Amino acid sequence: MPETREITLGEAVREALVEEMRRDSRVFICGEDIAEAGTVFKVLGGLVDEFGPERVLDTPISEAGFTGMAVGAAMTGMRPVVDIMFGDFSTLVMDQMVNQAAKVHYMSGGRWKVPMVMRATLGATRRSGAQHSQSLHAWFCHVPGLKVVLPATPYDAKGLMKTAIRDDNPVVFFEDKMMYRLKGPVPAEEYTIPFGVADVKREGTDVTIVATSSMVQVALGAAKLLEADGISAEVIDPRTLWPLDEKTLVESAKKTSRVIVVDEGYGRYGATAEIASAITEGAFFDLEAPVKRIGAMHVPIPFSPPLEDATVPNEQAVVAAAKALLG
Amino acid sequence: MPETREITLGEAVREALVEEMRRDSRVFICGEDIAEAGTVFKVLGGLVDEFGPERVLDTPISEAGFTGMAVGAAMTGMRPVVDIMFGDFSTLVMDQMVNQAAKVHYMSGGRWKVPMVMRATLGATRRSGAQHSQSLHAWFCHVPGLKVVLPATPYDAKGLMKTAIRDDNPVVFFEDKMMYRLKGPVPAEEYTIPFGVADVKREGTDVTIVATSSMVQVALGAAKLLEADGISAEVIDPRTLWPLDEKTLVESAKKTSRVIVVDEGYGRYGATAEIASAITEGAFFDLEAPVKRIGAMHVPIPFSPPLEDATVPNEQAVVAAAKALLG
Amino acid sequence: MAIAVDRLQTAPEAEIDQWLRMYRRMLMIRLFEEQVNDLYTRALMPGLAHLYIGEEAVAVGVCEALRSDDYITSTHRGHGHCLAKGARLDRMFAELLGKEAGYCKGKGGSMHIADPDTGNLGANAIVGGSAGIATGAALTAKRMKTGRVAVCFFGDGAMGQGLLYEVMNMASLWKLPVIYVCENNLYGEYTSNVETLAGDMLTRAAGFAIRGESVDGQDVRKVHAAATQIVERVRAGAGPAFLVCNTYRFMGHHVGDVNREYYRSKQEEQLWKTERDPIKLLGDWLGAQNLTDRARLEQLRIEVKSEVEQAVQFALAAPYPGPDKVDQDVYA
Amino acid sequence: MAIAVDRLQTAPEAEIDQWLRMYRRMLMIRLFEEQVNDLYTRALMPGLAHLYIGEEAVAVGVCEALRSDDYITSTHRGHGHCLAKGARLDRMFAELLGKEAGYCKGKGGSMHIADPDTGNLGANAIVGGSAGIATGAALTAKRMKTGRVAVCFFGDGAMGQGLLYEVMNMASLWKLPVIYVCENNLYGEYTSNVETLAGDMLTRAAGFAIRGESVDGQDVRKVHAAATQIVERVRAGAGPAFLVCNTYRFMGHHVGDVNREYYRSKQEEQLWKTERDPIKLLGDWLGAQNLTDRARLEQLRIEVKSEVEQAVQFALAAPYPGPDKVDQDVYA
Ligand SMILES: Cc1ncc(C[n+]2csc(CCOP(=O)(O)OP(=O)(O)O)c2C)c(N)n1
Ligand SMILES: Cc1ncc(C[n+]2csc(CCOP(=O)(O)OP(=O)(O)O)c2C)c(N)n1
Ligand SMILES: [Mg+2]
Ligand SMILES: [Mg+2]
C-alpha cells in the first residue's frame with residue numbers, strides 16, 4: 001500500500017526540488033540567502049549540504065541579473081530554478097521574464113527554449129508592509145510564453161513543482177508564504193501533476209467557489225460554514241492559471257449556476273476578471289447571477305494589522321457572497 | 001466663436017506638454033532622445049528650443065533610473081513627465097512605478113505625494129518585433145495608486161494629458177504609436193478632460209462596442225460596416241481605464257443588451273476581462289449574451305507582416321462578433 | 001580627526017555640545033531599538049523589524065552634518081536614520097505598532113517610515129529602491145536652487161542592484177547634490193558580502209567619476225568629519241559623492257534572527273560589541289579628553305531611557321486606525 | 001600588432017588566409033547591409049533595420065577569435081554579429097523580410113535573429129537586455145565544463161542599463177567565461193555619449209574587478225589580436241573580461257535616419273568614412289605588406305556581391321509563413 005505522510009507545503013516544495021535535483025544534474029537553484037540560510041522562509045534548509053554551493057547558488061541582491069542569467073543558462077542546457085524571495089520583487093525581473101524568457105522560443109522560430117522556473121511568494125497578513133505582501137501573479141498570466149502555477153496544498157505544491165521543473169518553458173511558480181506550514185498528505189512515491197487540470201477540492205451542488213492559492217483554504221472554510229446553513233458549495237482550484245482549465249470551471253458553473261471567484265491578487269484587472277469572464281462566456285445561459293469576484297482591496301497593502309486584515313478576502317466575505325448569490 | 005483646428009494626435013500631446021510647461025515651471029520632461037531629436041516618434045520636436053535642456057532632459061538609456069528620479073523629483077516639488085519610448089520597456093520600470101510611485105502616498109499615510117506622468121507607447125503592426133509592439137497597460141491598471149489613461153483621438157490626448165500633468169498622483173499615459181498621425185479637431189482654447197468619464201464616440205442601439213486606444217478607430221470602422229448591414233452600434237471609449245467609468249458602460253449595455261470589448265492588449269488576463277466583468281456585474285440581467293472580448297492573440301508579437309496583422313483585432317473581427325451576438 | 005581637534009581648540013563649548021548631542025542621539029537610537037526588540041520578544045509588535053544597533057554612528061554622524069531641510073532616504077533598517085534626522089520617538093513607536101498616531105498613520109510600518117517635516121523621503125523595503133528617489137530629490141534641489149542636499153542611505157547589499165549605477169551615472173553627469181552613503185556592515189541578511197561583492201566599492205563609484213571615500217563607521221567623529229566635508233562640497237555644487245561607512249550590526253538581520261552562528265561567529269560579534277561599540281567609543285573619548293564625566297553620560301542615559309519609555313507607553317496605549325481608514329490615502 | 005607581425009613570420013600562409021577571410025567577412029557584412037538599405041529604400045523590407053556599416057571590424061575581429069561552438073549575444077544592430085559568427089546570407093535576408101525560410105521563420109525579424117547552429121543566442125531589441133543571457137551561457141559553460149566562452153556584444157548606450165553591472169558582479173565573483181564587448185560608436189540613437197556616460201568605461205569594469213581594455217575598433221587586426229588574447233585567458237578560467245572597441249556607425253541609427261546633422265556633423269561622418277573604414281584599412285595594409293593585390297580583393301568583392309545578390313533574390317522570392325504558423329512556437 002503506498003505510503004502517505006503528512007508534510008508541510010514548505011517541505012513539499014523542498015522535496016520536489018531535491019528529487020528533481022537528484023534526478024537531473026542540470027537542475028540548479030539560485031537566489032538570495034538560499035544556501036546556508038535555506039531561504040528566509042527556511043524552505044531549502046540543507047539543500048546546499050547535499051548539492052553543494054554550485055547547485056544551490058547564493059547570489060548578490062540582483063534579481064534582474066540572476067534571472068537573466070537563468071534565462072541564458074536555460075537556453076544553453078541547464079534547468080535553473082530562480083528564487084525570488086518576495087513576489088513583490090517581480091517588479092525587478094519583468095524584463096528578463098517577459099521580454100526575454102517568455103519570448104525567446106517564439107522569436108527564434110522555436111529554435112531556442114528556456115526551461116526555467118521562477119519561484120516567488122505571494123500573500124498578505126504577515127505584517128510585512130506594502131512592498132512585501134503583494135500577489136502579482138496576474139501580470140504573468142497576461143504574458144504569452146509563460147505558464148503560471150499557484151499550488152494550494154502540499155500535494156499540489158510537490159507535484160506541480162516537479163512538472164514545472166520538467167517543463168521546457170519558463171514557468172512562474174507562486175507559493176503563499178503564509179501557507180508554508182500548512183500540512184497535508186503527500187505520497188512517498190513519485191508523482192507529478194499535469195498543468196491545466198483544475199482540482200475539485202470539495203464537491204457541491206449549490207454554488208461554485210473558484211479559489212486560488214491562499215484562498216483555497218478560505219474557500220474551504222467558507223464551504224464548511226455554508227454547509228452548516230444547508231448550502232452545498234463546490235470548491236475548485238485551477239492550480240495553474242495558465243494554462244487554465246476552463247472546461248472544469250465551466251462545467252461546475254453549469255451545474256451550480258452560481259459562481260464566486262476568490263483570489264488574493266488585487267480585485268481590479270486581476271486574475272478573477274479573467275476567470276469570471278471565461279466562466280461567463282462558457283456558462284452564461286446557465287448562470288442565475290453574474291459571477292461574483294472577490295480579490296484583495298484595491299489599496300497598497302497597509303501595515304497596521306486591523307487594516308491589513310481588512311484588505312484580504314476572508315471566509316465571511318465568501319459566505320456573504322454565496323448567500324447573496326443564493327438570494 | 002471658438003476656433004478649432006485639425007491637428008494630429010502627436011501634435012495634441014505636444015501642445016498639452018507645451019502649454020503645461022508654460023503654465024507651470026515645475027513641469028519638466030525626461031527620457032531618451034527627447035531633446036534635439038524630439039523623441040523617436042518626433043512628438044516633442046522643438047520643445048528643447050523653448051524650454052532648454054534642463055526642462056527637456058535627455059537621459060542615458062536608464063529607464064529604471066530616470067523613472068526613479070522622477071519619483072523623487074515629484075515628491076520634492078517638481079512635476080515630471082517621464083518618456084518611456086516603447087511601452088515594452090515598462091518591464092524595466094515596474095519597481096519604480098509600482099513599489100515606489102504608486103505606494104508612496106499611501107505608505108506615508110498621505111504625507112508625501114508623487115505628481116508625475118509616465119508616458120509610453122503601445123500598439124503593434126509597425127513591424128517592430130516582439131519587444132517593441134506590446135500593449136501592457138493592463139499591468140498598471142492592476143496597481144492601486146496609479147491612474148491609467150489611453151487616449152484615442154487628438155482631442156482626448158490633449159485634454160487628458162493636461163489633466164494627467166495636473167493630477168497629484170502618478171499617472172500612466174499610453175499613446176498608440178500608430179495613431180500619432182491621426183488627425184482630429186482640437187479647440188485652440190484651453191480645455192481639460194476629467195478622468196473617469198467615458199466618451200460615447202458614436203451612438204447606437206443594437207450593440208455596444210467598448211474600445212480603447214487604437215481600437216477606437218477599429219470599432220468606429222466596424223460600426224460603419226455594421227451600419228451598412230442595418231446594425232446600429234454604439235462605440236464607447238472609457239479613455240481612462242483607471243478610474244473606470246463603469247456607469248456609462250453599464251448603461252449602454254443595458255440599452256443595447258449586447259456588448260463587445262476590444263483592446264489591443266493581450267486578450268487573456270487583460271483589460272477586456274475587467275471591463276467585461278464590470279459590465280456583466282452591472283448589466284447581467286439585461287444582457288442577451290455574454291460580453292464578447294476581443295484582444296491581441298496570445299502570442300509574442302511576430303515580425304512577419306501577415307502574421308503580425310493576424311494577431312491584432314481588426315474591423316472584420318469586430319463585425320463578425322457583432323453579427324454573432326445579434327445572430 | 002585633525003579637524004575635530006582643531007575645532008575643539010577654537011570653539012570647545014559648541015563642539016562639546018555637539019559631541020554630547022551626537023552621543024545622546026546615538027543612545028536614543030540604541031534604547032529605541034532595544035525597546036523594539038523587547039516589544040517583539042513580548043509579542044507586542046506586529047511583524048518584524050531590522051535593528052540598527054551597532055550602526056548608530058553612521059546615521060548620527062551623517063545627519064548631524066545636514067540641515068534640517070536636507071533630504072534623506074532610508075532602508076528596511078531605517079529607524080536610526082529617521083531618529084537621527086529628527087523623528088520623534090512616540091510617533092516612531094506608534095508606527096511600528098500600526099497605530100494611527102504613527103508617522104504614516106500605521107499604514108507604513110517599520111520599513112516605510114517617512115516624514116516631510118524632517119526631510120525624510122521614506123524608508124524603503126526594496127533593497128536599493130530609494131536610490132532613484134534620493135537622486136530625484138537632488139535634481140529638485142538643483143533646479144529649484146534650494147541649496148538642499150539629499151543623502152541616500154543603503155546597505156552593502158544594495159551594491160548588487162543595478163538601479164544604483166544608473167542613477168550614479170546621471171547624478172554625476174548632472175552634478176546633482178546627492179550623497180550615496182553605503183553602510184557596509186559586512187552582511188546582507190545571512191550572507192557575507194565576501195560572497196556577493198566583486199572588486200572594490202570605491203572604484204565602482206570612480207567608474208562614474210564620483211569621488212568616494214571610506215570611513216570607520218564606528219567612530220562618529222570620523223563619520224561626522226567626513227560627512228561635513230562632503231556635504232559642504234556637494235552643497236557647493238561639486239556633484240555627487242559616495243561614502244562607505246564600515247560598520248556592523250550587533251543583532252540579527254531582523255529581530256527574529258537569533259541563531260546566527262551558521263553565517264557569522266559569536267567571537268566576531270563579541271569583538272565588535274566590546275571593541276567597536278560606537279556609543280562606548282565616543283563616551284570613552286569624551287572621558288579621556290575630560291570633556292565630560294561618567295555622571296553626565298549616565299544622566300543622559302536616564303533621561304533618554306525615560307523618554308523612550310514614555311514614548312512606548314504612548315504608542316502602546318494609542319488606538320489603531322479605524323476600519324474606514326483603509327482605503328483613504330490611496331490617491332492624493 | 002606585434003603579435004600579428006611575429007606570426008606572419010612564422011606562419012605566413014595561414015595568417016594570410018586569415019586576413020583574407022576576415023576581409024571577406026567584413027565585406028560580406030558591408031554588402032549585406034548595403035542591400036538591406038536598398039531593400040528599405042525600395043520599400044521591400046517591413047519595418048526598419050539598424051545597419052552595422054563601419055563597425056564590421058568589431059564583430060569580425062572578435063568572432064574570428066572564437067570557436068564555432070562559443071556563444072554570442074547580439075543587439076538591435078546585430079546583422080554583423082550574426083554573419084561574423086557564421087550565419088548564412090539567404091536565411092538572414094529571409095528573416096529580415098519576414099519569410100518562413102528566415103532564421104526565425106520570420107517571427108523574429110531584424111532585431112531577433114538567433115541560431116543555435118552558430119552559437120547565436122539571439123539579437124536583442126532591449127538595450128543591454130542580453131547581458132544576463134550571455135552571462136548565464138557562461139555559467140553553463142563553466143558548470144558543464146564545455147570549454148566554451150560567451151561573448152556579449154552591446155553598444156555604449158547599454159552602459160546606462162543597471163543589469164550590466166549586476167551580471168558583471170556575478171561573472172566576476174564566479175569567474176565565468178564571458179567577454180563583455182562594448183561597441184563604442186559614440187552615439188546612442190541621436191544622442192552623443194558625451195551627454196550620457198559619466199566617467200571612464202574601463203574603470204567601471206575595474207569596479208567589479210574585471211580586467212578591461214580598449215582597442216581601435218576600425219583596425220580588425222588590433223581587434224582580433226586583443227580578442228584572441230582575451231578569449232584565451234577567459235577560456236583558461238581567468239574570469240570575465242571587458243573589451244571596448246572604439247568605432248563608428250557610418251549610417252544613421254536606423255535606415256530611416258537620413259538627416260543626421262542635428263546630432264552629428266557631416267564632416268565627422270566624412271572623416272570616419274574616408275580615414276577609418278575598416279575594410280579599406282585592412283585592404284590597404286594587405287597591399288602595403290604585399291600580402292595580396294588589388295585584383296584579388298576586387299575578385300573577392302565580385303564573389304561576395306554575387307552571393308549577396310543571390311541570397312536576396314532567394315529571400316524576395318521566398319514565401320511568407322502560412323497563417324497557421326502564427327500561434328505555433330509560443331510554448332516548447
Ligand atoms: C530588491 C530586494 N531584494 C531582496 C530583499 C530582501 N532583503 C531585505 S534586507 C536584505 C539584505 C540587505 O542587505 P544590506 O543592503 O547590506 O542591508 P543590511 O540589512 O545589511 O543593513 C535582503 C536581501 C529586498 N528587501 N529587496
Ligand atoms: C531598454 C531600451 N531602451 C531604449 C531602447 C531604444 N533604443 C534602441 S537602440 C538605442 C540606442 C542604443 O545605443 P547603443 O547601445 O550605443 O547602440 P548603437 O545603436 O549605437 O549600436 C535605443 C535608446 C531600447 N531598445 N531598449
Ligand atoms: Mg549589509
Ligand atoms: Mg552606440
Side-chain angles (χ1 to χ4, degrees), chain A residues 64 88-100 102-107 129-131 134 136 138-145 148 241-242 244 265-266 268-278 280-285 287 289-293 296-303, chain B residues 64 88-100 102-107 129-131 134 136 138-145 148 241-242 244 265-266 268-278 280-285 287 289-293 296-303:
Chain A
D88 310 67
F89 313 156
S90 297
T91 50
L92 295 163
V93 304
M94 294 311 278
D95 194 66
Q96 294 304 310
M97 289 307 294
V98 173
N99 281 330
Q100 314 299 339
K103 297 184 178 26
V104 161
H105 188 65
Y106 190 84
M107 291 194 305
Q131 295 172 337
Q134 294 163 93
L136 297 171
W139 286 352
F140 294 96
C141 298
H142 188 46
V143 179
V148 182
L241 290 189
W242 196 257
L244 179 67
Y266 290 122
R268 290 185 191 144
Y269 294 90
T272 60
E274 176 66 30
I275 297 171
S277 294
T280 306
E281 285 157 18
F284 183 76
F285 298 103
L287 291 177
V291 175
K292 172 73 186 168
R293 299 182 290 149
M297 193 184 285
H298 207 62
V299 306
I301 295 156
F303 166 72
Chain B
D88 310 67
F89 313 156
S90 296
T91 51
L92 294 163
V93 305
M94 294 311 279
D95 194 67
Q96 293 305 311
M97 289 307 295
V98 173
N99 280 331
Q100 314 300 339
K103 296 184 178 24
V104 161
H105 188 66
Y106 190 83
M107 291 193 306
Q131 294 172 338
Q134 294 163 93
L136 297 171
W139 286 352
F140 294 97
C141 299
H142 188 46
V143 179
V148 182
L241 290 189
W242 196 258
L244 179 65
Y266 289 122
R268 290 183 191 147
Y269 294 90
T272 60
E274 176 66 30
I275 297 171
S277 294
T280 306
E281 285 157 17
F284 183 77
F285 298 102
L287 291 177
V291 175
K292 172 71 186 169
R293 298 182 291 150
M297 193 184 286
H298 207 61
V299 306
I301 294 156
F303 166 72

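This one's a predicted model, so the numbers in the text were calculated from it and none came from an experiment. Naming: A, B, ... by sequence-line order, numbering from 1 per chain.
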Results of ring pair (Phe, Tyr, Trp, His ring centres under 6.0 Å) for Y266(B) - residues two or more places apart only: H142(A), H298(B)

Under the ring pair (Phe, Tyr, Trp, His ring centres under 6.0 Å) rule, collect the residues that match up with F140(B), sequence neighbours excluded. F174(B)

Between Q96(A) and chain B, with a heavy-atom cut-off of 4.5 Å, which part of the residue counts as in contact: side chain, backbone, both or neither? neither

Going by heavy atoms in the side chains, are V148(A) and Y269(B) under 4.5 Å from each other? no

Steps toward side chain to side chain contact (heavy atoms under 4.5 Å, CB included) verdict (L287(B), F284(A)): CA-CA 10 Å; L287(B) 291 177; F284(A) 183 76; 3.8 Å; yes

If you apply the rule side chain to side chain contact (heavy atoms under 4.5 Å, CB included), what do you find for K103(B) with I301(A), and how did you get there? CA-CA 9 Å; K103(B) 296 184 178 24; I301(A) 295 156; over 6 Å; no

Salt-bridge contact K292(B)-E281(A) (side-chain N to carboxylate O under 4.0 Å): no

Measuring heavy-atom distances to chain B, does V93(A) have an atom under 4.5 Å in its side chain, in its backbone, in both, or in neither? neither

Between N99(B) (side chain only) and T91(A) (backbone N and O only), is there a donor and an acceptor less than 3.5 Å apart? no

Could you have a look at A289(B), A130(B), G129(B) and say which one has the most heavy-atom pairs with chain A under 4.5 angstrom? A289(B)

I need the residue from P302(B), G145(B), G270(B) with the largest number of non-hydrogen atom pairs under 4.5 Å to chain A. P302(B)

Of the non-hydrogen atoms in S277(A) and A273(B), which two are nearest, and what is the gap between them? OG-O, 3.3 Å

Side chain, backbone, both or neither of F303(A) within contact of chain B (heavy atoms, under 4.5 Å): neither

Correct closest heavy-atom pair for Y106(B) and V299(A) would be OH-CG2, 4.0 Å

Turns out that what part of L241(A) lies under 4.5 Å from chain B's heavy atoms comes down to both

So, the part of A102(A) with a heavy atom under 4.5 Å from chain B: the answer is backbone

On the 0 to 90° scale, with breaks at 30° and 60°, tag the W139(A)-W139(B) ring pair as parallel, tilted or perpendicular. tilted

Chain B contacts, top residue of A276(A), A271(A), G282(A), A278(A) (heavy-atom pairs, under 4.5 Å): A271(A)

When rounded to the nearest 0.5 Å, the distance separating CE of M94(A) from CG of D88(B) is 12.5 Å

